Novice: 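I have a structure I would like to understand better, so I am pasting it below and will then ask my questions one at a time.
Just so it is clear, the values below take in all heavy atoms, side chains as well, and ignore hydrogens, waters and symmetry mates. Please read these numbers as outputs of a predicted model, since none were measured by experiment.
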Amino acid sequence: MVQADPPLRRTIKKTQLRQMVPLADSTIWEMERRGQFPSASS
């Protein structure tokens with residue numbers, strides 16, 4: 001059986017995130033706080 005590689009972890013800039021995710025900064029921050037969005041400190 002082939003074992004899957006673990007997902008890559010990398011940090012992206014906030015400007016890149018805004019292009020990928022159509023959410024306001026405040027919404028992302030709230031989601032991070034609730035554990036519904038990966039935080040910058042993860």
Novice: About how many Å separate CD1 of I12 and CD of Q19, when rounded to the nearest 0.5 Å?
Specialist: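 The CD1 atom of I12 is 9.5 Å from CD of Q19, to the nearest 0.5 Å.
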Novice: What's the separation between atom OG1 in T27 and atom CD in Q36, rounded to the nearest 0.5 Å?
Specialist: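 One finds 11.0 Å between OG1 of T27 and CD of Q36.
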Novice: Name all pairs fulfilling the salt bridge (Lys or Arg N to Asp or Glu O under 4.0 Å) condition that reach into residues 15-28, sequence neighbours left out, sorted by first residue then second.
Specialist: R18-D25
Novice: List in chain and number order the residues that pass side-chain hydrogen bond (donor to acceptor under 3.5 Å, both in side chains) with Q16, two or more places apart in sequence or in another chain; answer none if no residue qualifies.
Specialist: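 side-chain hydrogen bond (donor to acceptor under 3.5 Å, both in side chains) list for Q16, sorted by chain: empty.
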Novice: Could you state the interatomic distance from CG (L23) to CE (M31), rounded to the nearest 0.5 Å?
Specialist: 6.0 Å
Novice: Yes or no on side chain to side chain contact (heavy atoms under 4.5 Å, CB included) for F37 and L17, after CA distance, side-chain angles and deciding distance?
Specialist: CA-CA 12 Å; F37 197 90; L17 178 64; 3.8 Å; yes
